[in-house]
2 protein chains.
Amino acid sequence: MTTRVPQERRRRRPTRSGVLLSEDLIVQTALRLIGEHGPEALSVRRLGAALGCDPTALYRYFHGTDDLVLAIADRIIGDAMAGFAPGDDWVASLRDMALRVRAGYLAHPRAAAMAAHRVTRRRNEIRAVETGIGLLLTAGFPSADAARLYLAFIDTVLSHAAAEAAFQALPPQQREADRRSWRDVYQGLDPATYPSLTAVRPELPAMADSSFEQAVDLLLEALAARARALGPK
Amino acid sequence: MTTRVPQERRRRRPTRSGVLLSEDLIVQTALRLIGEHGPEALSVRRLGAALGCDPTALYRYFHGTDDLVLAIADRIIGDAMAGFAPGDDWVASLRDMALRVRAGYLAHPRAAAMAAHRVTRRRNEIRAVETGIGLLLTAGFPSADAARLYLAFIDTVLSHAAAEAAFQALPPQQREADRRSWRDVYQGLDPATYPSLTAVRPELPAMADSSFEQAVDLLLEALAARARALGPK
DNA sequence: GCCTTACGTCAACAGGGTTGACCCAATATG
DNA sequence: CATATTGGGTCAACCCTGTTGACGTAAGGC
C-alpha cells in the first residue's frame with residue numbers, strides 16, 4: 001500500500017457521498033461511534049460507513065488501526081488538559097492534572113479503556129509530560145528523580161483512570177452485579193476464617209467506591225515528604 | 001448453538017487424533033500457547049489445532065472466548081497467591097503481595113490484560129483481601145481507614161499490573177514502537193518550547209521502564225508515615 | 001489546458017468467532 | 001448381552017475483521 005500519511009494534505013477531494021475527510025473529522029467520528037455503540041463498534045469498515053467513504057480511504061490518514069487509536073488517545077488528553085496552567089503550588093497542580101486526566105477518561109470511558117496504556121507520542125501527550133516534569137523540577141528534585149517520580153505519578157493516575165473507565169464501560173447489568181458483590185459476597189463470611197473482614201464489615205460497602213483520590217493523595221504525600229527531605233531550597 | 005457446558009462430563013470421547021479433552025487440559029494448553037508463541041497466538045482455531053481437535057469442540061466446554069479467558073484468569077490468580085503467608089513486617093508483606101500479583105499478571109499478559117478490570121469475587125481474592133486488611137489492622141489503623149487504605153493500595157497494584165500486562169500483550173511491533181518513542185520522539189524537541197524535557201533529556205530513555213515498584217514504594221511510604229502519625233502502639 | 005499525483009475506490013486475501021446440522025460412540029437401561 | 005439415548009467431536013458455512021495492491025479520477029501547479 002505504501003501509505004505515506006503526509007502531515008498536511010493539499011488536495012482535498014470529496015468522497016462519493018460528498019464528505020471532505022480530515023484527520024480531525026475521522027477522530028471525532030470514531031469517538032462518537034465508540035461513545036454511542038461501544039468499543040467493539042470501532043472498526044475500519046464501520047468507521048468508513050459512518051463517514052460516508054470507502055473504509056480503505058482511512059489508510060490515507062492513518063497507517064493502521066493502531067495509529068488511529070493513538071490519535072484518539074491524544075485527543076482525549078488534549079481535551080482534558082485544555083486550559084490547564086500550572087500554579088505556584090506544585091502539589092496542588094499535580095493533583096489538578098490528575099483530576100483532569102481522570103475526568104477526560106471518564107468522559108469517554110469506552111474509548112479510554114482501549115487507548116489508556118499507550119504512549120501516543122503526539123503533541124498533547126508531550127505537552128502534558130513537559131508540564132508534569134516541570135512541576136517536579138520546581139519542587140527541587142534533581143532531574144533523574146524528577147523523571148522517574150513523574151513516571152510513577154502519571155502511571156498511577158493513568159492506570160487508575162483506565163480501571164475506572166473500564167468499569168464504567170461495562171454493561172450496566174454487569175456493573176451493578178459487581179457493585180453488589182461487595183455487599184452480598186462479603187456478608188455471610190465465617191468470622192473465624194475471616195476475622196479481619198469481620199472486623200471491618202461495616203466499611204465494606206464503601207469499597208465499591210472509587211479509590212482514585214485516595215491513591216493520588218497518598219502518592220502526593222510521599223512526594224511532598226521526599227521533597228521536604230531534600231532540604232529547603 | 002445452545003451449548004450447555006455441563007459441570008462434569010461423563011462421556012469422554014477421544015478426538016480424531018486420540019486426545020481426551022477436558023477443561024483443565026484446554027486451559028493448560030491455552031496458557032502454554034501464549035507462553036510459547038506470544039500473546040497473539042491465542043485463538044479458537046489455533047487452540048484447536050494445538051489440542052488436536054476441531055476448533056468448535058471447545059464450545060462444548062466454554063460458552064465462548066470470554067468464558068475461556070475468565071477460566072484462565074481464575075487459574076492465574078490461584079497460581080500467583082499460592083503459598084503466600086503474611087510475615088511480621090506489615091509493609092514488607094504488602095510489598096510481597098504486590099509483587100506476587102504483578103508476577104502472576106506478567107506471566108500471562110494477554111489473559112491478564114483481557115480480564116484485569118473484571119471482578120471475580122472468588123475464594124482467592126477474598127483471602128487476599130482478608131490478608132491485606134489484616135495487615136493494615138495490625139499496623140494500627142482504625143477499621144474504617146484500614147478498609148479505605150487497603151482499597152487504594154490494591155487498586156494501585158492491580159491497575160499498575162494491568163497496565164504492564166496490557167503493554168506486554170501488545171503485538172511486538174507496537175510494543176517496540178512505544179518503547180522507542182521515549183528515545184526517538186522526545187529527543188529532538190525544541191528547548192525553548194520544552195525546557196523541562198530538555199533539562200531531563202538524559203533520563204528520558206529510562207521512562208520506558210516500569211514504574212511499578214517505584215509507585216508501590218511511594219504508596220507504602222505514605223502508609224507507613226500515616227501509621228507513625230497514629231502514635232506508637 | 002495540460003501533467004502530475006494525491007487520494008478515494010474497488011476487489012481480494014487471510015484470518016477471526018460463532019452457529020447449526022450431522023453422526024458416531026459411550027453410556028444408561030432393559 | 002442388546003438396545004435406546006445422547007454427549008460431544010466434526011464439518012461446512014456465515015459474517016466479521018484488518019490490510020494490500022491496482023486502478024482511475026479529479027484537484028492544483030504551471
Side-chain angles (χ1 to χ4, degrees), chain A residues 1-26 29-30 33-34 37-72 114, chain B residues 1-26 29-30 33-34 37-72 110 114 169-171 173-174:
Chain A
M1 159 137 305
T2 62
T3 14
R4 287 229 324 273
V5 189
Q7 320 295 39
E8 301 201 21
R9 50 200 67 225
R10 300 173 297 195
R11 302 193 182 180
R12 312 204 54 206
R13 184 175 164 182
T15 83
R16 205 162 196 14
S17 63
V19 188
L20 273 181
L21 290 181
S22 69
E23 181 172 324
D24 215 57
L25 177 63
I26 295 175
T29 305
L33 253 186
I34 296 172
H37 305 104
E40 62 279 358
L42 183 63
S43 77
V44 177
R45 286 174 153 86
R46 262 195 275 251
L47 186 49
L51 281 163
C53 71
D54 189 276
T56 61
L58 304 176
Y59 286 87
R60 304 287 178 195
Y61 294 81
F62 302 97
H63 294 102
T65 311
D66 189 60
D67 198 21
L68 172 60
V69 167
L70 292 182
I72 293 174
M114 63 186 288
Chain B
M1 159 134 295
T2 63
T3 13
R4 287 231 323 275
V5 189
Q7 320 295 39
E8 298 200 26
R9 48 201 67 227
R10 301 171 297 194
R11 303 195 181 178
R12 310 202 57 206
R13 183 175 166 184
T15 84
R16 205 160 199 9
S17 64
V19 188
L20 274 181
L21 291 181
S22 70
E23 180 171 325
D24 213 58
L25 177 64
I26 296 175
T29 305
L33 252 188
I34 297 172
H37 303 102
E40 60 280 356
L42 184 62
S43 78
V44 176
R45 285 175 154 89
R46 262 194 276 250
L47 186 49
L51 281 163
C53 70
D54 190 276
T56 61
L58 304 177
Y59 287 87
R60 305 285 179 196
Y61 293 82
F62 302 97
H63 293 103
T65 311
D66 201 59
D67 198 19
L68 171 61
V69 166
L70 287 184
I72 293 174
R110 177 74 182 287
M114 292 175 90
L170 287 177
Q173 190 183 355
Q174 294 172 21

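Computed from a predicted model, the values in this text were never measured in an experiment. For the numbers below, each heavy atom of this structure counts, side chains included, while hydrogens, waters and symmetry mates do not.
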Minimum heavy-atom distance B:Gly48-B:Leu58, with the two atoms named: N-CD1, 4.3 Å

Does a side-chain N or O of A:Ser43 approach OP1 or OP2 of D:dT17 to a distance below 4.0 Å, or not? yes

Side chain of A:Tyr59 - closest among C:dT9, D:dG18, D:dG9: D:dG18

Which nucleotide in the set D:dA27, D:dG8, D:dG18 lies at the smallest distance from any side-chain heavy atom of A:Val44? D:dG18

Please check the phosphate of C:dC10 (OP1 and OP2 only) for any side-chain N or O of A:Thr56 closer than 4.0 Å. no

For A:Arg45 and D:dT20, what is the distance between atoms CZ and C1' respectively, to the nearest whole Å? 12 Å

When rounded to whole Å, the CG to P distance for the pair A:Leu68 and D:dG18 reads 10 Å

Nearest whole Å is fine: how far is D:dC11 C1' from B:Leu58 CG? 15 Å

Is there side-chain contact between A:Leu70 and A:Phe62, with at least one heavy-atom pair below 4.5 Å? no

Is it the case that the side chains of B:Thr56 and B:Asp54 hold a donor-acceptor pair, with the cut-off being a distance below 3.5 Å and no angle test? yes

Sugar-phosphate only, base, or nothing, as touched by A:Arg16 at under 4.0 Å among non-hydrogen atoms: sugar-phosphate

For the pair made of CG in A:Leu47 and P in D:dT17, what is the distance, rounded to whole Å? 11 Å

At what distance, to the nearest 0.5 angstrom, does OG1 of A:Thr29 lie from CG of A:Leu25? 4.0 Å

Rounded off to whole Å, could you give me the CZ-to-C1' distance for the A:Arg60 and D:dG24 pair? 12 Å

Should B:Arg46 be listed as having a side-chain N or O under 4.0 Å from OP1 or OP2 of C:dG16? yes

Hey, does the side chain of A:Tyr61 come within less than 4.0 Å of C:dG8's phosphate (OP1/OP2), counting only N and O? yes

A:Arg13 CZ to D:dA27 P, in whole Å, measures 7 Å

For atom CZ of A:Phe62 and atom C1' of D:dG18, their distance in whole Å: 16 Å

Student check: side-chain heavy atoms of A:Thr15 and A:Leu51 closer than 4.5 Å: no

Rounded off to whole Å, could you give me the CG-to-C1' distance for the B:Asp54 and C:dA21 pair? 13 Å

